[in-house]
Amino acid sequence: MPSPADLESIILHTIASSGEVADSGKLAADQGVDHNVLVGVIKSLSADELISESTTPNSKWDLTEEGKAILATGASPEFQLFNAIPADGISLNQLKTQLGQVADVGFRFAMQNKWIAIDKSSGESTIQRKVDSVEDKAFNLLRDIGAASRDLAADDKEAIALAKRKVANLTSWKTFKLTKGANFALERKKAATDLTSDMITKGTWRQETFKPYNFAALGRPPSGGHLHPLLKVRTQFRKIFTAMGFEEMPTNNYVESSFWNFDVLFQPQQHPARDAHDTFFLLNPASTPASSFPPDYLQRVKTTHESGGFGSTGYGYAWQEAEAEKNLLRTHTTAVSSRMLYKLAQEGFRPAKYFSVDRVFRNEAIDRTHLAEFHQIEGLVCDHGLTLGDLLGTLELFFTRLGLKKLRFKPAYNPYTEPSMEIFSYSEELGKWMEVGNSGMFRPEMLRPMGLPEGVNVIAWGLSLERPTMILYGIDNIRDLFGHKVSLGMVRKNPICRLGL
Ligand code: FB9
């Protein structure tokens with residue numbers, strides 16, 4: 001049995017010697033191979049344009065089992081019925097008695113052929129012959145099909161009539177006529193799959209045939225792979241926030257202006273957090289022109305810092321645009337919250353619940369649990385008449401979903417929230433209270449200049465992604481979790497406990 005490689009050579013040499021392979025079906029028969037195997041070789045040669053193929057339609061009539069049964073009786077049912085009718089006629093019942101189940105089929109086709117008629121003149125229905133003799137064409141055609149002695153087209157009407165009687169059927173298939181292709185050769189030059197440095201230095205790439213890219217090819221299934229624990233814990237936080245009806249904020253800008261990161265939060269321009277010792281300022285581009293900030297909003301922010309408003313005395317200093325223009329790596333995702341709240345005010349206030357989980361950057365001393373960057377998690381609720389009680393209740397709901405039930409709150413200070421609270425939870429494992437976040441109500445000096453309606457408040461809180469992840473995965477040095485010294489094996493770690501209930 002020739003191999004596909006043999007078949008390839010047979011095809012190429014046949015075309016070279018006689019100009020073509022007239023019919024792939026005949027070639028398959030001559031070689032004693034299944035035509036489908038030969039088609040595979042044809043498609044491969046054709047893909048590389050060694051050969052060209054044209055399609056030849058083929059069809060063949062065959063007998064069904066029923067057709068073979070009729071052939072074995074020597075005559076069609078209608079011919080048998082016609083010959084069983086005496087000169088003076090006969091009833092259908094008598095014919096059924098004589099011919100059995102052949103009578104019904106024979107009656108139907110003898111009537112269709114107009115060989116017989118029903119005579120009711122004597123009161124009882126008898127079947128009479130309408131002609132003296134008939135030719136059993138159906139049987140003759142069955143005999144010729146069975147013997148494959150007649151060349152029948154696929155649309156032969158008599159054969160189609162037999163197919164309708166389910167005594168014959170048509171099989172159709174394609175074969176191919178093969179001729180030389182654009183790249184015809186007796187030997188297939190294996191297409192190169194890589195452009196090597198050797199080809200380039202020697203210039204042999206000019207003679208190479210390169211295998212075309214198959215962009216539909218599936219990628220190699222990865223042998224393994226693990227999500228980083230931070231990403232897995234981020235997904236869990238996303239599920240908790242989403243379940244609480246919060247919408248994720250767009251946080252895809254690490255670089256921010258001091259205006260959005262500090263000034264709009266009513267953080268004074270002399271605040272130590274705005275010093276280069278705590279914040280990463282950019283050298284290039286060093287600033288965002290103040291003209292790109294909403295001018296009316298900028299004026300309200302300036303005035304609030306200088307002389308207050310909304311019951312505030314402000315800070316009483318000369319607010320500098322140049323300071324607000326300085327670009328930095330955002331120190332908190334509250335910069336994103338400020339943009340979202342401003343947008344909410346400008347588009348027409350509606351109650352909203354937002355959250356964010358993304359990287360923030362602080363130019364601080366690093367230690368076992370702190371790097372110069374971390375992932376901040378922040379949640380906020382903006383609505384009419386929110387109170388500290390709403391904040392406490394929301395924090396209870398949120399941290400309970402983390403599995404942190406016993407909470408205590410400690411007054412704290414943030415430049416942009418008043419009141420502010422540090423959040424603590426009692427850890428049974430550690431046997432002590434641990435800080436789990438910070439929170440507060442955004443000040444009017446932040447909210448009013450945005451244009452949020454009177455009476456609308458915002459409760460907000462934040463925590464880090466690294467701290468819970470390190471606890472969940474039993475990692476006590478943040479460098480083993482995040483950064484260039486992380487061992488890749490770490491991503492295979494399983495959590496030592498679950499986040500949540
Ligand atoms: O995440 C923190 N601790 C934490 C959180 C969850 C947790 O889960 C348990 C296992 C289940 C365990 C611990 N902290 C906040 C507290 C400390 O880790 C702290 O030392 C480090 N803090 C970071 C800031 O460090 C420079 C964590 C980070 C933090 C702190 C405050 C905010 C965000 C992140 C905030 C805020 C805020 C306040 C008001 C309005 C809007 C945002």
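One-based numbering, in listed order, for ligands and for the atoms of each. Position 1 is the first residue of the sequence; numbering continues from there.
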Next on the checklist: If the cut-off is 4.0 Å to any non-hydrogen atom of E378, which atoms of ligand 1 fall inside it?
Outcome noted: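 Matching atoms, with element in brackets: 41 (C), 42 (C).
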
Item to check | Which of the ligand 1 atoms, numbered from 1, are nearer than 4.0 Å to a heavy atom of A460 | outcome: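 Result: 40 (C), 41 (C).
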
Checklist entry - For D23 and N58, which heavy atoms make the closest approach, and how far apart are they? => result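 For D23 versus N58, the nearest heavy atoms are OD1-OD1, 4.5 Å.
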
Whether [X] and [Y] hold their rings parallel, tilted or perpendicular, with breakpoints at 30° and 60°:
| X | Y | result |
| --- | --- | --- |
| Y342 | Y297 | parallel |
| Y315 | F266 | parallel |
| W433 | Y426 | perpendicular |
| H35 | F176 | parallel |
| F246 | W461 | perpendicular |

Checklist entry - Hey, is the main chain of A318 close enough, under 3.5 Å, to the side chain of Q320 for a donor-acceptor pair? => result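 Flag set: sc Q320 to bb A318 pair under 3.5 Å.
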
Item to check | P289 backbone acceptor or donor facing S287 side chain under 3.5 Å | outcome: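 Between the backbone of P289 and the side chain of S287 there is no qualifying donor-acceptor contact (under 3.5 Å).
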
Item to check | Close approach, H370 and ligand 1, non-hydrogen under 4.0 angstrom | outcome: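 So H370 counts as touching ligand 1.
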
Checklist entry - Looking only at heavy atoms of I471, does any of them come nearer than 4.0 Å to an atom of ligand 1? => result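 It does; at least one heavy atom falls under 4.0 Å.
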
Out of [options], who is nearest to [atom] when you count heavy atoms only?
| atom | options | result |
| --- | --- | --- |
| atom 39 (C) of ligand 1 | S464, S439, P468 | S439 |
| atom 18 (O) of ligand 1 | R362, R467, E435 | R467 |
| atom 9 (C) of ligand 1 | L402, L371, L404 | L404 |

Closest protein heavy atom (residue, atom, distance) for [atom]:
| atom | value |
| --- | --- |
| atom 31 (C) of ligand 1 | N438 CB, 3.6 Å |
| atom 35 (C) of ligand 1 | G462 CA, 3.5 Å |
| atom 5 (C) of ligand 1 | V436 O, 3.4 Å |
| atom 24 (C) of ligand 1 | F374 CZ, 3.8 Å |

Next on the checklist: Going by a strict under-4.0 Å cutoff (protein heavy atoms only), does atom 22 (N) of ligand 1 have a neighbour on the protein?
Outcome noted: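 Protein heavy atoms within 4.0 Å of atom 22 (N) of ligand 1 - there are none.
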
Item to check | atom 28 (C) of ligand 1 protein-contacted (non-hydrogen atom, under 4.0 angstrom) | outcome: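 Yes, there is one.
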
Next on the checklist: So that I can tick it off, tell me whether K353 and E247 are bridged by a salt bridge, with the cut-off set at under 4.0 angstrom between side-chain N and carboxylate O.
Outcome noted: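 No, no charged N to carboxylate O under 4.0 Å.
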
